[in-house]
Participant: 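Mind looking over this structure? Questions follow.
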Amino acid sequence: MRVHWRPAAEADRDAIVEHIAQDSPVAAIELGDTIDRRVGGLPEHPRLYRAGRVKGTREMVVHPNYVVVYRIARGAIEILRVLHSARQWPPDR
């Protein structure tokens, strides 16, 4: 099973890493590596993590403050968002 990052998820990850790098470049690199490593392991156990708050999604806590939202579709894992745990999700409509 392959992993596909949606543009919004890539932008989320990049923004998080850039924000943390302002205070600690080492911590930013470590968090980016953690996110990549954990997402890279999803094909082995894609249903291991909790059901998401949005129907059809799942949520993996990759760090106490960050959650990866993904879905399994058409034989692939689609990374939808990388969010700070304090962020409203799903957004109010």
Side-chain angles (χ1 to χ4, degrees):
M1 191 173 291
R2 67 180 179 82
V3 174
H4 172 73
W5 284 76
R6 301 281 301 175
E10 289 179 331
D12 290 340
R13 182 198 176 280
D14 292 346
I16 289 165
V17 169
E18 287 175 19
H19 178 74
I20 292 171
Q22 293 174 10
D23 293 326
S24 176
V26 172
I29 291 167
E30 289 174 355
L31 179 61
D33 289 348
T34 297
I35 292 169
D36 292 344
R37 185 178 67 255
R38 299 284 306 278
V39 167
L42 277 174
E44 294 176 34
H45 302 285
R47 298 189 193 287
L48 179 64
Y49 302 98
R50 69 184 184 206
R53 290 166 272 183
V54 174
K55 185 178 179 176
T57 67
R58 302 198 73 80
E59 297 179 6
M60 174 177 53
V61 177
V62 294
H63 178 277
N65 294 324
Y66 297 99
V67 176
V68 171
V69 180
Y70 67 98
R71 70 177 162 212
I72 304 163
R74 298 176 300 279
I77 297 167
E78 191 172 25
I79 308 302
L80 304 172
R81 301 299 305 263
V82 180
L83 304 169
H84 191 281
S85 58
R87 189 167 176 185
Q88 172 67 35
W89 180 257
D92 291 334
R93 295 172 194 219

Participant: Got a sec, which residues hit side-chain contact (heavy atoms from CB on, under 4.5 Å) with R74, two or more places apart in sequence or on another chain?
Facilitator: none

Participant: How about H84: does its NE2 atom have over 12 heavy atoms from other parts shown lying under 6.0 Å from it?
Facilitator: yes

Participant: Please give me the minimum heavy-atom distance between G40 and P43, naming the atom from each residue.
Facilitator: O-CD, 3.2 Å

Participant: Roughly how far, to the nearest 0.5 Å, is CZ of R47 from CZ of R58?
Facilitator: 6.5 Å

Participant: Tell me, please, which residues at least two apart from V17 pass side-chain contact (heavy atoms from CB on, under 4.5 Å).
Facilitator: R13, A28

Participant: Do D12 and L83 have side chains that approach each other closer than 4.5 Å (heavy atoms only, starting at C-beta)?
Facilitator: yes

Participant: Please report the closest heavy-atom contact between V69 and E59, naming both atoms and the distance.
Facilitator: CG2-CG, 4.2 Å

Participant: Please identify each residue that fulfils side-chain contact (heavy atoms from CB on, under 4.5 Å) with H4, with sequence neighbours left out.
Facilitator: R2, R6, E78

Participant: Tracing side-chain links under 4.5 Å among I, L, V, M, F, W and Y, which residues wind up in one group with L31?
Facilitator: M1, V3, W5, I16, I20, I35, V39, L42, L48, Y49, M60, V62, Y66, V68, Y70, I72, I77, I79, V82

Participant: Going by salt bridge (charged side-chain N to carboxylate O under 4.0 Å, His left out), name the pairs with one or both residues in residues 18-35, residues two or more places apart or in two chains.
Facilitator: none

Participant: Is the side chain of S24 donor-acceptor paired with the backbone N or O of A21 at a distance under 3.5 Å, no angle test?
Facilitator: no

Participant: Would you indicate whether the side-chain heavy atoms of V67 and R50 approach each other to under 4.5 Å?
Facilitator: yes

Participant: So, using salt bridge (charged side-chain N to carboxylate O under 4.0 Å, His left out) as the criterion, who are the partners of R38 when residues are at least two apart?
Facilitator: none

